[in-house]
Amino acid sequence: MFCGASGGCAHITVQIRYNNGAPRGPMRFVLWKPPTHTPYVKEVAWLLSVCLESKFRSIVFSRARQTAERILRFARQNMPPDNAGAVTAYRGGYLARERRAIEEGLFNGNLKGVVSTNALELGIDVGDLEVCIIAGFPGTIASTWQQAGRVGRKNKESLAIYIGVETPLDQHFIRNTRALFSSPSERALVDPANPYLLLGHALCAAHELPVTPGDFALWDDIFQDLLVLLEEDGDIIHSGGSYYYNGQIYPAEKVNIRSGPSEPVKLRDTGKSNRLLEILDGNSALSQVYPGAVYMHQGETYVVKDLDLEKESAFLEQQDTGYFTMCGRDKSTEILSTDREKILNGHRLYTGQLRVRTKVTGYVKKDEQSGQVIGGGKLDLPEQVLETTGMWIVFDQAVAETAKRFGLQLMGGLHAAEHASIGLLPLFAMCDRNDLGGLSTVEHKQTLGPTVFIHDTCHGGVGFGERAYDEAEDLFDATLEAIQSCECAAGCPACIHSPKCSNFNRPLDKEGAVMLLHLLLGREYAPGDTELGNKGLDKAIRERLKNFLK
Ligand SMILES: [Zn+2]
Ligand SMILES: [Zn+2]
């Protein structure tokens with residue numbers, strides 16, 4: 001449909017037929033690699049505006065809420081002003097009445113385009129759409145196809161465009177296209193003993209049907225303890241051996257609130273008599289609506305004037321800033337207990353319970369167009385404490401010597417290896433990069449050695465970090481491949497940068513990570529020993545795509 005329309009993008013087209021019995025036309029699935037030096041959000045926004053201009057009703061799926069807002073903002077800038085209202089954003093946090101209005105607009109065709117998070121992946125009828133743009137791997141292959149399947153009904157031809165974003169995971173799929181089209185073997189991880197999750201499930205279960213002693217065997221032992229807690233709180237009544245729901249609201253609405261310790265924060269628009277703009281989960285408030293933060297709503301930029309945690313409110317003023325903000329954090333990880341341990345080529349690997357302390361200490365302003373840092377500020381906000389599960393690697397002390405011998409930076413190497421392996425872990429555990437956190441240090445005060453932590457970001461943990469422990473060799477092998485095959489000189493978002501790094505991606509040493517991963521995998525390390533030289537990657541991609549298309 002658009003071949004030749006873009007500025008030098010590599011893409012392939014594959015014709016897909018869904019075999020689920022529903023009547024639908026053929027779909028073209030395009031893999032799209034944005035030109036280097038163009039931020040993918042701009043490329044996606046441009047593609048969306050081209051689709052809308054060509055009168056194709058379109059949906060964009062973005063991985064993050066604020067990214068969806070930025071795509072919308074850029075798309076509107078590309079469009080004639082009187083058309084800009086025909087495209088909107090849709091995501092969690094919007095008030096129910098705003099979401100209902102958007103759903104109606106999509107269903108009746110008044111809206112021509114929408115930029116959404118995975119909130120529109122399932123359930124809601126989005127009407128007759130023709131183009132789906134998937135802006136980065138959504139976390140699972142099943143999700144990818146779910147998103148693509150939202151367009152093209154009633155025997156009409158449709159188009160899905162998968163944007164290979166500059167992340168290790170997306171680059172992995174661009175290199176290994178076949179993996180994207182193979183049947184998914186993804187296992188969802190849910191830890192049935194996580195008390196934070198179980199509390200919500202207990203409420204929902206009691207709401208559906210009274211919980212009887214016969215049900216206890218289905219749950220972890222702590223389930224009964226939680227029922228007692230809920231009874232004390234008055235959410236559940238215990239009578240005749242069974243437990244009955246006694247809450248006032250539909251309990252599923254409470255589940256998210258109970259999965260973390262903080263209450264949701266109300267975002268208020270100071271320009272409109274503090275009218276409620278949206279609701280943000282309490283755990284995200286400190287890193288998203290700190291004083292000075294730029295927060296986007298329906299493509300408009302707001303500056304946070306005040307965050308009042310006691311009133312559970314943040315006060316925002318609409319301003320056309322021309323920049324966005326990112327916060328920096330101080331972080332420390334304490335080992336509470338060790339569950340499992342093993343040795344991998346002389347390096348020690350563990351799983352266990354961790355306490356992660358984070359404190360937002362400042363932020364930077366980045367120019368909206370160029371991404372350049374143009375200012376910032378310091379912040380003094382309360383510390384957040386997360387108790388969760390994770391894995392950690394304690395490298396043999398000899399790595400410090402090796403790093404010195406080759407003139408590599410140990411700290412930068414550990415940090416880079418941490419970022420890249422977190423970037424690829426969703427291949428092995430069914431999760432999103434945002435479900436994972438990490439920390440690296442040249443000497444941890446408990447392990448007394450160079451240590452990399454990979455942990456869950458959900459309270460209580462669900463086992464993503466443990467999956468990294470179980471699949472350690474394959475994970476670090478894939479990580480090494482991702483770093484070595486990246487053509488950049490000293491690290492980039494496609495290999496070792498992290499979009500949510502607490503330290504603004506400093507320090508990082510790409511070659512240091514290559515060295516550490518060699519040693520971790522028990523391989524001989526020689527400097528500059530990259531498997532794919534310059535241009536090699538393109539050749540490799542072409543080769544794989546050619547094989548795939550045969
Ligand atoms: Zn790179
Ligand atoms: Zn980092």
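Numbering of ligands and ligand atoms starts at 1, following listing order.
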T388 (side chain) donor-acceptor with C458 (main chain) under 3.5 angstrom: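 Side chain of T388 to backbone of C458, a donor-acceptor pair under 3.5 Å: yes, one is there.
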Is the Zn ion (ligand 1) less than 2.8 Å from at least one N/O/S atom of C495? yes
To 10°, measure the SG(C501)-the Zn ion (ligand 2)-NE2(H419) angle for me.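 Vertex at the Zn ion (ligand 2): approximately 110°.
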Within 45 degrees of the axis of the six-membered ring of Y350 and under 6.0 Å from its centre: does R340 put its NZ or CZ there?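 Geometry flag: not set, cation outside 6.0 Å or 45°.
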How large, to 10°, is the angle at the Zn ion (ligand 1) when you draw lines to SG on C488 and to SG on C492?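 About 110° at the Zn ion (ligand 1).
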Between W46 and Y40, is the ring centroid distance below 6.0 Å?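 For W46 and Y40, the ring centres are not under 6.0 Å apart.
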Taking the six-membered ring for Trp, are F453 and H444 closer than 6.0 Å centroid to centroid? yes
